[in-house]
Amino acid sequence: MLYRENGQFKTSYRADQQIFPVLQDRVAMLGLLAIAFIVLPLAAPEYLFRAILIPFLILSLAALGLNILVGYCGQISLGTGAFMAVGAYAAYNFQVRIPGMPLIASLLLGGLCATAVGVLFGIPSLRIKGLYLAVATLAAQFFTDWAFLRISWFTNNSSSGSVSVSGLNVMGLSVESPVSRYLLCLGFVCVFALLAKNLVRSSIGREWMAMRDMDVAAAVIGIRPMYAKLTAFAVSSFIVGVAGALWGFVHLGAWEPAAFNIDRSFQLLFMVIIGGLGSISGSFIGAAFIILLPLLLNQVPMWFGIPLSTALASHLESMIFGALIVFFLIVEPHGLARLWSTAREKLRLWPFPH
Amino acid sequence: MKFKSFAQVAAIAAVGWSGLLAAPAALAQAKEQFFPLLVYRTGAYAPNGTPWANGKQDYIKMINARDGGINGVKLTFEECETGYATDRGVECYERLKGRAGAALIDPQATGITFALTDKVPNDKIPLITLGYGLAASQDGGVFKWNFPLMGSYWTAADILIQHIGKKEGGLDKLKGKKIALVYHDSPFGKEPIPLLEERAKTHGFELSKIPVTAPGVEQKSAWLQVRQQRPDYVLLWGWGVMNSTALKEAIATGYPREKMYGVWWAGAEPDVKDVGDAAKGYNALALNTSGQQPKVIQDILKYVHDKGQGSGPKDEVGSVLYTRGLIIQMLGVEAVRRAQERYGRGKVMTGEQVRWGLENLSLDQKKLDALGFAGVMRPVSTSCLDHMGTTWTRVHTWDGSKWNFSSDWYQADEQIIKPMVKAAADKYASDKKLTRRTPEDCQS
């Protein structure tokens, strides 16, 4: 009833091609942004920022980056944790070795270093496909694990191998408080989500999708496979690298290579698969599912005052979480984002479905 | 999906979300001192994390049942499962730190300690890391909120080298010897390296560093290196499944267990139980005794386990790590008691007040005896500049069925540790642009 586009006429190509062609979507998106930028910083408690929103935003960003590679270009990657690590450690080195380096610049330079590494490890994708490529990208994971553990230059010769940053500020404004950290992450996520959305709607995004759907046919119609695949690797690992730098700098503050281990790569891949391959919003929904649900399940027995032992609660968390993954993959193999778009289709016809 | 069920899903999601919001606000009663317990009862480190966590929990239950709390202030606790993972640990810390009357944090993991070290000064909650954590944080002049009570990895490594030197008949006899450090490849395992390198330079022994990828279930290549290099001694810096795996690999390689020395985290029952007789002769540092004789353990059996309130199996009460959990919790409770002496008996202490209590702990032998810890540990007395309190420790050896002490008490060599701690703390301070605490700050 409310969600209906009757009477919304497009009189220009510009209006027809905008990201949210339906007025209600635009209003909803603006409302969401207003909540995220204005209401939450005013109202939410510290725990919500530090333990839920910040990790959610950063991993959404990483999932977004991975979705470009896996969802849009069809190149399965298990090296996401590695590219995050490269971003984090590169940003760390820029921050400690160059005095007076602005925070944003180090984060972006960290992303650029991840881009270089991503393209390097993307080269095998020109020859190998599918699961074999996934195995090849595993090499990135093991290589970076090894490099950041063993080459002490990367960790600024820290004796314990753990690095830490503090006293972060953006143009003189301190980003130590949870709200300012949250706003910094939110800013990055919004800018990158907008960029990503526009990239996938542009010619390069169509090249990626053509490559994903059938690479031989794409090559026949004049799309250069090398260019398309490597740009996907580059854009993806840039975003993932920035997310990694944010994870280290803003969320953890001090980290070791274990923060970006193979589990992280799998976690991100699951986010993308469950959230929805080839969908920007899917990255966010997937991240929410993977990050928030375990925390929620972990706390449920406590609210109801059910005396569960910590170990049992933790095992239950894994079991229910696993069962839900299977459930959602059976109900909707295209991911949670597809559920949302199906719901939207129904809403447009409601209450008189035909 | 039909609209109706979609609406249901949305409603459930909304309820869940609001629950997530409401969670930290719960439990705001007065007169209760809250102890957040970060634990790991699942995962690769669970065999060792569980008795530790049980010890901490049982001590709180015992104090409530026997004494009715600290001067009438009841103790409460809540556990949060970290799985030894840093990000989960940070989440647990954020979840529990804001509770009313939260006293202190014991993260039970060096990785989590590193992440929290920068956070605790802002949140004004002390971080106790008994026998682990950041070695430099012994220097209370820079690390105001960290308390590596009773030892760090530097004191541990130092004492092991002293012990090996004594075995050889003098530290000068170490010249030309080869000592291998088989370590968990994480900040935990890497912490002792600077000290061992320093000692290697002074005494002229060769240090070979053999990393084991976490969690340490696959160690074939590490022990191949041991076999090739044939070191005179192996120092084992492991935790969780890594320890028993290392012992099994040592047996497979034929490396004598008598020449192996573990840190105090590699010298508990879960590490050797599976290996049993074959681990006979394996040595490790011991911060505390094991066994059910001490009075405090008798009290726990009486007030907690006999009433069916025990946190774990009764026969594990008094194991090495269980007793260590007791000590950690006892020091926390005593810090609260000490703080109450200054800030008001029978009141709930804030994190800042507990910090003062931790900094002014003075548990002499008489007090330890009264607490039921006679013989379990040595007296602890902290100060503004020394957040460790004591470094005394012994070596114990596995005889196939239990741990027996096999050395006298050792103390870390101040002359080596002190300058290293100062240098490391100063470096930390300059990296973080901190200034040392003034003498006035020390008084407060």
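Quick note on labels: first sequence line is chain A, next is B, and so on, each numbered from 1. Only this structure's heavy atoms are used, side chains among them; waters, hydrogens and symmetry mates stay out. Computed from a predicted model, the values in this text were never measured in an experiment.
- Contacts of B/D118 with chain A are made by side-chain atoms alone, with heavy-atom separations under 4.5 Å and no backbone atom involved.
- Only the side chain of A/W247 has a heavy atom closer than 4.5 Å to any heavy atom of chain B.
- B/K144 places no side-chain N or O within donor-acceptor distance of the main-chain N or O of B/P121, the cut-off being under 3.5 Å.
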| field | salt bridge (Lys or Arg N to Asp or Glu O under 4.0 Å) evaluation trace for B/K422 with B/D139 | value | CA-CA 7 Å; B/K422 178 143 193 321; B/D139 188 340; over 6 Å; no
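- Residues B/R199 and B/D158 are paired through a salt bridge, judged by an N-O separation under 4.0 Å between the basic side chain and the carboxylate.
- What you find for B/D58 and B/Q309 is that their closest heavy atoms are OD1-O, 4.4 Å.
- Neither the backbone nor the side chain of A/E332 comes within contact range of chain B, judged by heavy atoms closer than 4.5 Å.
- For the set B/V90, B/T86, B/I193, B/D87, the count of heavy-atom pairs under 4.5 angstrom toward chain A peaks at B/D87.
- The closest donor-acceptor contact from the side chain of A/R50 to the backbone of B/E94 lies at 3.5 Å or more, if one exists at all.
- Contacts of B/A214 with chain A are absent, with no heavy-atom separation under 4.5 Å from either backbone or side chain.
- A/S160 contributes no side-chain N or O that, together with a main-chain N or O of B/P187, makes up a donor-acceptor pair within less than 3.5 Å.
- In this pair, A/F148 and A/Y89 present their aromatic rings parallel. The plane angle is below 30°, not in the 30 to 60° band.
- With a 4.5 angstrom heavy-atom cutoff, A/R344 does not touch chain B via any of its atoms.
- Across A/L149, A/V165, A/L252, A/D145, the residue that shares the most heavy-atom pairs under 4.5 angstrom with chain B is A/L149.
- Of the listed residues (B/C80, B/P211, B/A85, B/G83), the one with the most heavy-atom contacts under 4.5 Å to chain A is B/P211.
- Of the listed residues B/R41, B/E91, B/K427, the one with more heavy-atom pairs under 4.5 angstrom with chain A than any other is B/E91.
- Taking the six-membered ring where the residue is Trp, B/W265 and B/W52 present parallel rings, their angle staying beneath 30° rather than reaching 60°.
- When each of A/G253, A/S166, A/A313 is scored by its heavy-atom pairs under 4.5 Å with chain B, the top score falls to A/S166.
- Between chain B and the options A/P178, A/A311, A/A259, A/S177, the largest number of non-hydrogen pairs under 4.5 Å is found for A/A311.
- Among B/K119, B/K432, B/K433, the residue making the largest number of heavy-atom pairs under 4.5 Å with chain A is B/K432.
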